[in-house]
Amino acid sequence: MNNFEERVLRVVKTISKGRVLTYKEVARRAGSPKASRAVGNILKKNYSASTPCHRVIHSDGTIGEYNRGAKKKIMMLRGEGVKMVKNNNGYVIHKAE
DNA sequence: TAGCTGACGCAAA
DNA sequence: ATTTGCGCCAGCT
């Protein structure tokens, strides 16, 4: 439970439907603001649908990678009502500037 | 045990 | 504003 992995998973499970959280935020909540990379590694290792790992995105608003493929991740987010816009590079979370 | 990799982030050019 | 490089933490080989 005290493991970083457990904490990260716990935080991700906290994310509500239609809401997204950045790796940075997750890492910060987990207690290691600089461990954004480690967070990604853990999420990738966790294939359980119990954890909405698809709701974790980059701090820039970009979708990032996903164990099932970024495409799938985008589709899932869209299905949850997350507004996104198509960019030259792919999809990004619709965010007011 | 030591080194490399990676679902990232930020700073500098 | 965009592109490139470096840093960071935890896990895996």
Side-chain angles (χ1 to χ4, degrees):
Chain A
M1 298 298 188
N2 297 329
N3 301 332
F4 187 74
E5 181 182 322
E6 274 283 335
R7 284 188 291 192
V8 171
L9 294 177
R10 188 188 302 171
V11 173
V12 176
K13 287 176 184 174
T14 307
I15 308 175
S16 305
K17 175 175 170 292
R19 202 66 190 277
V20 294
L21 209 60
T22 66
Y23 289 95
K24 181 82 171 180
E25 287 289 302
V26 175
R28 183 180 288 181
R29 286 193 188 188
S32 301
K34 303 287 187 168
S36 48
R37 272 181 144 167
V39 172
N41 262 346
I42 293 169
L43 291 180
K44 131 183 191 182
K45 188 170 80 69
N46 185 73
Y47 273 61
S48 304
S50 314
T51 306
C53 33
H54 59 270
R55 292 179 187 160
V56 186
I57 62 171
H58 289 200
S59 45
D60 293 274
T62 46
I63 304 303
E65 292 297 311
Y66 189 57
N67 48 31
R68 260 58 168 188
K71 185 109 179 207
K72 187 80 175 184
K73 186 173 182 180
I74 294 167
M75 184 167 62
M76 292 172 86
L77 288 173
R78 196 177 69 168
E80 292 186 351
V82 179
K83 300 295 185 296
M84 350 190 354
V85 293
K86 178 96 166 46
N87 199 349
N88 298 313
N89 216 8
Y91 274 87
V92 294
I93 300 298
H94 182 261
K95 182 180 164 194
E97 296 184 47

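Small disclaimer: the values here were computed from a predicted structure and weren't measured.
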Phosphate-side-chain proximity, A/H58 and B/dA7, N/O vs OP1/OP2 below 4.0 Å: no
Rounded interatomic separation in angstrom, taking CG from A/N88 and P from C/dT2: 9 Å
I'd like to check A/F4 versus A/V39 (side-chain heavy atoms, cut-off strictly below 4.5 Å). Are they in contact? yes
Cluster overlap A/V11 with A/L9, hydrophobic side-chain contacts below 4.5 Å: yes
Test item: A/K73 side-chain N/O and A/V56 main-chain N/O as donor-acceptor pair under 3.5 Å: yes
Would you indicate whether the side-chain heavy atoms of A/Y47 and A/C53 approach each other to under 4.5 Å? no
Would you say a side-chain N or O of A/S59 is under 4.0 Å from OP1 or OP2 of B/dC10? yes
What is the distance, to the nearest angstrom, from the CG atom on A/L43 to the P atom on C/dC9? 18 Å
Backbone of A/I15 reached by a side-chain donor or acceptor of A/R55 within 3.5 Å: yes
Between A/Y23 and A/K34, which residue's closest nucleotide on DNA chain B lies nearer the 5′ terminus? A/Y23
Find every protein N or O atom lying less than 3.5 Å from an N or O atom of nucleotides 11-13 of chain C, and list the pairs.
none

Hey, does A/K44 reach any base, or is it just sugar-phosphate, or nothing, if we go heavy atoms under 4.0 Å? base
Do side-chain atoms of A/T22 reach the backbone of A/E25 as a donor and acceptor pair under 3.5 angstrom? yes
Quick check: are there more than 12 heavy atoms from other residues, nucleotides or ligands sitting under 6.0 Å from NZ of A/K86? yes
Using atom CD of A/E65 as one end and atom C1' of B/dT5 as the other, report the distance to the nearest whole Å. 14 Å
Rounded off to whole Å, could you give me the CG-to-C1' distance for the A/D60 and C/dT3 pair? 13 Å
Atom-to-atom span, NZ of A/K24 to C1' of B/dA11 - whole angstrom: 12 Å
Distance check needed: C/dC9 C1' versus A/R28 CZ, whole Å only. 16 Å
What is the distance from CD of A/E25 to P of C/dC9, rounded to the nearest Å? 18 Å
